[in-house]
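Please read the structure below before turning to the comments.
Throughout, residue positions are numbered sequentially from 1 according to the sequence presented. None of these values were measured; they are calculated from a predicted model. As the structure lists them, so they are numbered: ligands from 1, and atoms in each ligand from 1.
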Amino acid sequence: MTQVIEARALGKTFRTGRRVVHAVQGVDLSVVAGEALGIVGESGCGKTTLARMLLRLEEPTAGQVIFNGADITHRRGRALLPFRARAQLVFQNPFDALNPRFTIRRTLAEPLRNFGIPEAEHTARIDAAMARVRLTPASAWLDRYPHELSGGQLQRVVLARALIPGPILIVADEPVSMLDVSVRAGILNLLRAARDDLGLAAIYISHDLALIRYVCERTVVMYLGRIVEEGPTATLIATPRHPYTAALVAAVPVPRVDQDRETLPIKGALSDTPTGGTGCAFRDRCLHAFARCETETPKLRDAGEARRVACHLDA
Ligand SMILES: Nc1ncnc2c1ncn2[C@@H]1O[C@H](COP(=O)(O)OP(=O)(O)OP(=O)(O)O)[C@@H](O)[C@H]1O
Ligand SMILES: [Mg+2]
């Protein structure tokens, strides 16, 4: 299988004044064509920073980003343009994502112009993109402005705009979190259909394991900047190996009478500054921590059945 995107020991450290934040550390992952990878973890664990590095909206401070076989880690400016057309972000908030003064037609023509697609192809491409997100007939929508559309319709336009340059990778950062629950499944189904039809690689970022379970066959779990567990989504949820994954699974709001959501297998609160220190970053919240967790950062290692786990308990 062709790897569309690969991260190798990827890291990002932010320095603002005296504050140093290791937002992402030592992340290895890859996604092949046609596959959807989920990235889950609670607020501040580095999901968006990771996504922005994979899309080269942010330059990594460590490691490499390999896209379609080429190292793009430190490419800049015009050298990134061919990559930009092939790797697209679906924004979280459709109400912010579109220029309110542009008609839908202009919104969709803009990327075509930016990526040098010949004028003669624009109409056909725009119609195809509108059909793909089920806004048909296109003529009924193209002359409208964003304020004339609902949130769900806007998110379809956002999706059409992402698909129109012909990407091979889509990164969706909390793609439906701003939308009404009733329209979420529709958007997720459109994303999935586009992925299947076009053979796209997809990365979905969410703090919501229920959403990830719905769309991603493989999932990585992040905690304070690091991947702590990875595996096929179904098995990862059925038999979590890392105590943090177990806590996330326990927090998924599924209707289960045997589950008291107040008693999660986790303690304490999230420290808001990931430190670069040694030891397991999760140890203070872990019910099973022991001496080794204080002194040694657990490595992410193969745990069989296509799984990886970073936990001393699992060694
Ligand atoms: N530009 C920046 N400058 C300084 N610190 C940053 C910057 N961007 C992110 N951070 C810090 O990096 C860490 C990771 O942030 P990030 O936005 O990647 O988390 P996240 O997992 O996407 O969170 P959320 O679920 O809330 O979106 C946080 O501690 C955040 O404060
Ligand atoms: Mg985020």
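- Screening Arg161, Arg125, Glu121 against Leu112 for a side chain to side chain contact (heavy atoms under 4.5 Å, CB included) leaves a single residue, Arg125.
- Considering backbone and side-chain N/O atoms, Val21 never comes within less than 3.5 Å of an N/O atom of ligand 1.
- Inclusion of Leu50 in the set of residues having an N or O under 3.5 Å from an N or O of ligand 1 is not warranted.
- Between Glu305 and Thr235 the shortest side-chain heavy-atom distance does not fall below 4.5 Å.
- With contacts defined as side-chain heavy-atom distances shorter than 4.5 Å, the pair Thr219/Glu230 does not qualify.
- For Phe282 and His242, the gap between ring centers is short of 6.0 Å.
- Closest heavy-atom approach to atom 12 (O) of ligand 1 within the set Cys45, Ala23, Gly46: this belongs to Ala23.
- Salt-bridge annotation for Asp314 and Arg301: present, with a side-chain N of the basic residue lying under 4.0 Å from a carboxylate O of the acidic one.
- No salt bridge links Arg56 with Glu58; every basic N to acidic carboxylate O contact stays at or beyond 4.0 Å.
- In summary, Arg105 and Asp143 engage in a salt bridge, as defined by a charged side-chain N under 4.0 Å from a carboxylate O.
- Between the choices Gly225, Ser206, Ser43, the shortest heavy-atom distance to atom 26 (O) of ligand 1 belongs to Ser43.
- Taking all heavy atoms of His207, Lys47, Met222, Arg19 into account, the minimum distance to atom 25 (O) of ligand 1 is reached by Lys47.
- Not a single N or O atom of Thr16, backbone or side chain, sits closer than 3.5 Å to an N or O atom of ligand 1.
- Partners of Thr13 by side chain to side chain donor-acceptor pair (under 3.5 Å), not counting sequence neighbours, listed by chain and number: His22.
- Using a cutoff of 4.0 Å between basic side-chain nitrogens and carboxylate oxygens, Arg132 and Asp197 are scored as salt-bridged.
- Look at Gly41 and you'll find every heavy atom at least 4.0 Å from all atoms of ligand 1.
- If you count the protein N, O or S atoms nearer to the Mg ion (ligand 2) than 2.8 Å, you get 1.
- Per-residue contacts place Thr48 under 4.0 angstrom from the following atoms of ligand 1 (heavy atoms of the residue considered): 17 (O), 18 (O), 20 (P), 22 (O), 27 (O).
- One distance of note links OG1 of Thr73 with CZ of Arg8; it measures 8.5 Å at 0.5 Å rounding.
- Between Glu294 and Arg283 a salt bridge is recorded (basic side-chain N to carboxylate O distance below 4.0 Å).
- The shortest N or O to N or O distance between Glu174 and ligand 1 is not under 3.5 Å.
- At least one N/O-N/O distance between Gly44 and ligand 1 falls below 3.5 Å.
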